[in-house]
Novice: 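Sharing a structure below in structure tokens format, with a few things to ask.
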Amino acid sequence: MPVALRTLIWSSLFLLAALGWWCLQGWPREVPEAGVERVACVSYAPFRLPGESPFDATFRVARERIVDDLRLLAPRTRCVRTYSIDQGLDQVPGAARELGMQVLLGVWIGRDRDKNRVELERALSLANAHADVVRGLIIGNEVMLRRELPERELLALLQQAQAATAVPVTYADVWEFWLRHPQLAAAVDFLTIHILPYWEDEPVGVAAAVEHVRDVYRTMQQHFAGRTILIGETGWPRAGRARQQAQPGRVEQARFVRSFVAAAQTEGLPYNLIEAFDQPWKRRLEGAMGGYWGLLDSAGEAAFPWHGPVTADEHWRGGLAAGGAGLLLAGTIAWARRQRGIAWLAQTLAGAAIGAVLFAQWRYALSWHRDALELAIGAGGAMLGAVFGWLAVARGSSARALRIAGPLPGIYRLLSLRADAADAAHTSTAPHDAALSLLRALFLLGAAATMLLLVFDARYRGFPWPLFALPAGALLLLAAAGERLPNDAREERLLAWIVVLAAPLVIAFERPTNTEALAFVGLLLVLVVAGFGFPHRSMYRAPERTSTIAPSSAPSTDGSNE
């Protein structure tokens with residue numbers, strides 16, 4: 001089969017895969033209905049706009065902002081939970097009273113004992129002044145989990161609060177830590193437990209997540225018989241990376257929240273959802289998974305529809321539009337370069353695929369990249385991937401130029417600048433082929449580094465498949481066109497073997513139930529195999545050499561050649 005035709009077929013398949021991905025993201029999924037219009041309570045923090053963070057000691061939220069936020073929440077709930085009274089959050093009870101809402105008032109307890117004392121005294125005064133609004137005073141959030149205070153000191157703070165207010169007092173922590181510190185139960189009016197199926201040590205998939213929450217709640221009721229128990233946090237992330245079978249997503253978030261709210265309504269479970277608004281600042285601590293738990297996004301819009309089917313990505317049409325834009329741009333460029341026929345069609349279709357994948361990379365970057373530097377690095381990688389794909393298609397769709405050019409050199413030979421290297425191995429010295437060699441090595445390096453990070457530091461790292469999709473496609477196309485890694489490309493082979501050897505470790509750590517991890521590791525293995533090339537007869541012409549040794553004279557018939 002002619003190389004140009006093979007390039008056209010691969011470009012067409014890659015385009016179908018890219019467009020199919022975006023159509024799948026826009027496919028409406030049926031999700032159970034909640035059966036109610038309001039949830040019982042939601043966690044509220046105002047740090048939802050760019051640059052806002054509870055770690056910024058100078059930030060103070062304005063009262064008008066709190067009122068506006070609570071007005072957005074009022075149609076969805078009549079209760080909010082806070083975690084501190086610092087940075088202007090002491091204004092929440094007063095604002096809530098105006099809107100007929102109640103508050104679970106949080107008191108932040110940490111390592112700074114002086115600050116703990118001041119915060120608790122202020123919170124007690126605030127709770128007593130707003131006893132009609134504050135339905136509970138939560139002294140500390142996951143203090144035992146973070147190991148910030150010994151149990152005896154937390155007990156003393158709870159006892160101090162009990163003696164100073166008639167408002168019910170509680171403490172909030174992950175459910176396992178209540179079982180490890182049962183003495184705390186004697187110092188509270190009710191227990192506030194966190195049940196987050198996604199973050200469990202053994203993560204629970206969304207299909208079983210609601211039942212898991214109910215099972216844990218029943219276990220806690222049996223262990224603390226006769227005590228009132230509030231589910232202080234439960235929810236599901238809308239973005240991030242899979243943890244075993246626990247897959248974040250818009251559909252998954254809608255499914256968990258709607259199903260849980262319906263179950264809680266039926267069984268009378270008291271609960272608070274995490275959370276009201278997305279919290280972008282949490283991404284720096286927990287990756288993308290930390291920033292997207294809100295019923296509302298950071299702009300105050302509904303994160304998912306409360307009724308009816310749900311799509312995985314509400315911006316899926318943007319992926320199709322990006323594919324269309326890539327098609328027009330690539331077709332125009334190819335035509336201007338005097339490409340016609342199969343070559344023009346292959347480059348045009350490849351441009352459409354590149355556009356669709358670049359939009360996927362942009363959507364990934366919005367979730368994962370935390371600052372301008374990371375965005376710039378991600379954008380640079382995406383652009384290099386697009387260039388890689390385009391150069392590979394341009395090379396493969398021009399069979400004559402490909403045969404004449406010769407195979408791509410290894411990165412060492414390319415950078416060694418030896419005058420005789422290209423001639424000795426009959427490798428290409430064309431600038432665009434040098435760029436292909438450099439990009440091949442660069443993305444093999446990126447794949448190896450990514451796999452090592454997933455082996456040694458995986459918890460808050462994602463699987464950046466859009467970044468490697470275009471390089472994998474480019475290398476597949478080159479391999480199909482006859483390209484193979486040169487025998488002396490030791491650096492590329494070392495990087496490839498790192499990916500291959502790390503692959504089973506990543507799968508073992510992530511578990512085979514993590515289909516996202518399986519797909520990503522598979523993609524990088526495809527990239528590596530394609531980088532080596534497929535066994536076949538070489539299509540390249542052997543170099544034509546002219547001997548530098550003068551031919552000897554033909555022997556004389558009369559013997560006079562001496």
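We number each residue from 1, following the sequence as shown.
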Novice: Give a yes or no on whether a salt bridge exists between Glu142 and Arg147, defined as a side-chain N under 4.0 angstrom from a carboxylate O.
Specialist: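 Salt bridge between Glu142 and Arg147, a charged N being under 4.0 Å from a carboxylate O: no.
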Novice: Looking only at atom types and distance, does a side-chain atom of Asp313 sit under 3.5 Å from a main-chain N or O of Gln25, one as donor and one as acceptor?
Specialist: no
Novice: Please check: side-chain N/O of Arg283 versus main-chain N/O of Met289, any donor-acceptor pairing under 3.5 Å?
Specialist: no
Novice: How about Leu358 and Met383: do any of their side-chain heavy atoms sit closer than 4.5 Å?
Specialist: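 Yes; the side chains approach each other to less than 4.5 Å.
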Novice: What do the steps show when you test Arg255 against Glu252 for salt bridge (charged side-chain N to carboxylate O under 4.0 Å, His left out), and what is the final call?
Specialist: CA-CA 5 Å; Arg255 180 178 178 182; Glu252 289 77 8; over 6 Å; no
Novice: Minimum heavy-atom separation for Ser84 and Leu89, please, with both atom names.
Specialist: O-CB, 3.3 Å
Novice: How far does CG of Leu273 sit from CH2 of Trp293, to the nearest 0.5 angstrom?
Specialist: 11.0 Å
Novice: Evaluate Trp22 against Phe359 for side-chain contact (heavy atoms from CB on, under 4.5 Å), listing each step before the verdict.
Specialist: CA-CA 10 Å; Trp22 281 115; Phe359 192 79; 3.5 Å; yes
Novice: Between atom CD of Gln221 and atom CG of Leu191, what is the distance when rounded to the nearest 0.5 Å?
Specialist: 11.0 Å
Novice: Side-chain contact test, heavy atoms from C-beta onward, threshold under 4.5 Å: evaluate it for Thr234 versus Pro197 and give yes or no.
Specialist: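 The answer is yes, as the side chains (C-beta and beyond) meet within the 4.5 Å cut-off.
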Novice: Determine, step by step, whether Ile274 and Gln279 satisfy the side-chain contact (heavy atoms from CB on, under 4.5 Å) criterion, reporting the C-alpha distance in whole Å, the side-chain angles of both residues, the deciding distance to 0.1 Å, and the verdict.
Specialist: CA-CA 11 Å; Ile274 182 166; Gln279 300 289 291; over 6 Å; no
Novice: Quick check against the 3.5 Å criterion: does Glu33 have a side-chain atom that pairs as donor or acceptor with the backbone of Gly308?
Specialist: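 Side chain of Glu33 to backbone of Gly308, a donor-acceptor pair under 3.5 Å: yes, one is there.
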Novice: Tell me the closest heavy-atom pair linking Gly100 and Arg78, and the distance in Å.
Specialist: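 Heavy atoms of Gly100 and Arg78 come nearest at O-NH2, 3.3 Å.
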Novice: Can you tell me if Glu119 uses its side chain to pair, donor with acceptor, with the backbone of Trp108 under 3.5 Å?
Specialist: yes
Novice: Determine yes or no for a side-chain-to-main-chain donor-acceptor pair under 3.5 angstrom, with Arg243 supplying the side chain and Glu200 the backbone.
Specialist: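 Yes.
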Novice: Between Arg122 and Val107, is a side-chain contact (heavy atoms from CB on, under 4.5 Å) present by the stated rule, with each step listed?
Specialist: CA-CA 9 Å; Arg122 290 179 59 212; Val107 183; over 6 Å; no
Novice: Specify the closest pair of heavy atoms between Ala172 and Ile138, including all atoms of both residues, with the distance to one decimal.
Specialist: CB-CG2, 3.8 Å
Novice: Compare every heavy atom of Ser259 with every heavy atom of Pro32, then report the nearest pair and how far apart it is.
Specialist: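 Heavy-atom minimum between the residues: CG-OG, 3.6 Å.
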Novice: Quick one, Tyr44 and Val42 - any side-chain contact, counting heavy atoms below 4.5 Å?
Specialist: no
Novice: State whether the side chain of Gln91 and the backbone N or O of Ile85 hold a donor-acceptor pair below 3.5 Å, judged by distance alone.
Specialist: no
Novice: Using a strict 4.0 Å threshold on nitrogen-to-oxygen distance, state whether Arg218 and Asp215 make a salt bridge.
Specialist: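 Salt bridge between Arg218 and Asp215, a charged N being under 4.0 Å from a carboxylate O: yes.
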Novice: Might you point out which heavy atoms bring Trp368 and Arg461 nearest each other, and give the distance in Å?
Specialist: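 Minimum heavy-atom contact is CH2-C, 3.5 Å.
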Novice: For the side chain of Glu98 and the backbone of Ala95, is there at least one donor-acceptor N/O pair under 3.5 Å apart?
Specialist: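 A pair under 3.5 Å: no.
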Novice: With a 4.5 Å heavy-atom cut-off, do Ser43 and Tyr83 have their side chains touching?
Specialist: yes
Novice: Going from CG on Leu524 to OG1 on Thr450, what distance comes out if it is rounded to the nearest 0.5 angstrom?
Specialist: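 It comes to 6.5 Å.
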Novice: Backbone N or O of Asn141 within a donor-acceptor pair of the Arg146 side chain at under 3.5 Å?
Specialist: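 Present.
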Novice: Going from CD1 on Ile195 to CD on Glu176, what distance comes out if it is rounded to the nearest 0.5 angstrom?
Specialist: 9.5 Å
Novice: Report, as yes or no, whether the 6.0 Å neighbourhood of atom CZ on Arg459 holds more than 12 heavy atoms from other residues, nucleotides or ligands.
Specialist: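 Yes, CZ of Arg459 has more than 12 neighbouring heavy atoms, counting only those of other groups under 6.0 Å.
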Novice: Step by step, would you call Leu104 with Val80 a side-chain contact (heavy atoms from CB on, under 4.5 Å)?
Specialist: CA-CA 6 Å; Leu104 289 168; Val80 293; over 6 Å; no
Novice: Please report the shortest heavy-atom distance between Ile66 and Gly88, naming the atom on each side.
Specialist: CD1-O, 3.4 Å
Novice: Any sub-3.5 Å donor-acceptor pair from Thr192's side-chain atoms to Thr170's backbone N or O?
Specialist: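 Looks like no, no N/O pair under 3.5 Å.
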Novice: So, are Arg370 and Glu374 salt-bridged, with charged N and O less than 4.0 Å apart?
Specialist: yes
Novice: Could you label the plane-to-plane angle of the Phe468 and Phe443 rings as parallel, tilted or perpendicular, counting under 30° as parallel and over 60° as perpendicular?
Specialist: perpendicular
Novice: Tell me whether Asp69 is salt-bridged to Arg48, with the criterion being a basic N under 4.0 Å from an acidic carboxylate O.
Specialist: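 Counted as a salt bridge, because a side-chain N and a carboxylate O are separated by less than 4.0 Å.
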Novice: When you compare the side chain of Met101 with that of Leu70, does any pair of heavy atoms fall below 4.5 Å?
Specialist: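 Heavy-atom side-chain distance check passes, below 4.5 Å.
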Novice: When you check the side-chain N and O atoms of Thr165 and Asn128, is any donor under 3.5 Å from an acceptor?
Specialist: yes
Novice: Compute the centroid of each ring, for Tyr171 and then for Trp178, and state whether the two points are separated by less than 6.0 Å.
Specialist: yes
Novice: Do the non-hydrogen side-chain atoms of Pro248 and Arg238 ever get within less than 4.5 Å of each other?
Specialist: no
Novice: Do Trp465 and Trp21 make the cut of ring centroids closer than 6.0 angstrom?
Specialist: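 Ring centres of Trp21 and Trp465 closer than 6.0 Å.
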Novice: Would Glu153 and Arg111 count as a salt bridge (charged side-chain N to carboxylate O under 4.0 Å, His left out) if you check the C-alpha gap in whole Å, the side-chain angles of each, and the deciding distance to 0.1 Å?
Specialist: CA-CA 11 Å; Glu153 291 190 36; Arg111 291 187 175 88; over 6 Å; no
Novice: Going by atom types alone, do Arg250 and Thr311 pair a side-chain donor with an acceptor below 3.5 Å?
Specialist: yes
Novice: Measure from the ring center of Phe55 to the ring center of Trp281 and say whether it is less than 6.0 Å.
Specialist: yes
Novice: State whether the number of non-hydrogen atoms from other residues, nucleotides or ligands found under 6.0 Å of Trp362 atom CH2 is greater than 12.
Specialist: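 At most 12 heavy atoms, drawn from other residues, nucleotides or ligands, come within 6.0 Å of this atom.
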Novice: Answer whether the closest heavy-atom distance between the side chains of Leu157 and Ile109 falls below 4.5 Å.
Specialist: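 The answer is yes; the side chains approach within 4.5 Å.
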Novice: Roughly how far, to the nearest 0.5 Å, is OH of Tyr198 from CZ of Phe256?
Specialist: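 Separation between the atoms: 14.0 Å.
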Novice: So, do Phe260 and Tyr271 have ring centers that fall under 6.0 Å from each other?
Specialist: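 Centroid separation for Phe260 and Tyr271: below 6.0 Å.
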Novice: Let me confirm one number: the CE-CD1 distance from Met451 to Ile498, rounded to the nearest 0.5 Å.
Specialist: 10.5 Å
Novice: Main chain of Arg76, side chain of Trp306: is a donor-acceptor contact present, judged purely on distance under 3.5 Å?
Specialist: no
Novice: Are more than 12 heavy atoms, taken from residues, nucleotides or ligands other than Asp371, located less than 6.0 Å from that residue's CG atom?
Specialist: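 Yes.
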Novice: Dump the intermediate steps for salt bridge (charged side-chain N to carboxylate O under 4.0 Å, His left out) on Glu516 and Arg241, then the final yes or no.
Specialist: CA-CA 8 Å; Glu516 185 182 11; Arg241 52 108 76 205; over 6 Å; no
Novice: Is there a side-chain contact between Leu72 and Phe277 in this structure, where contact means two heavy atoms from C-beta onward sitting under 4.5 Å apart?
Specialist: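 With C-beta onward as the side chain, the pair touches.
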Novice: Would you sort out whether Arg180 and Glu151 count as a salt bridge (charged side-chain N to carboxylate O under 4.0 Å, His left out), showing the intermediate values?
Specialist: CA-CA 11 Å; Arg180 297 176 194 177; Glu151 181 184 281; over 6 Å; no
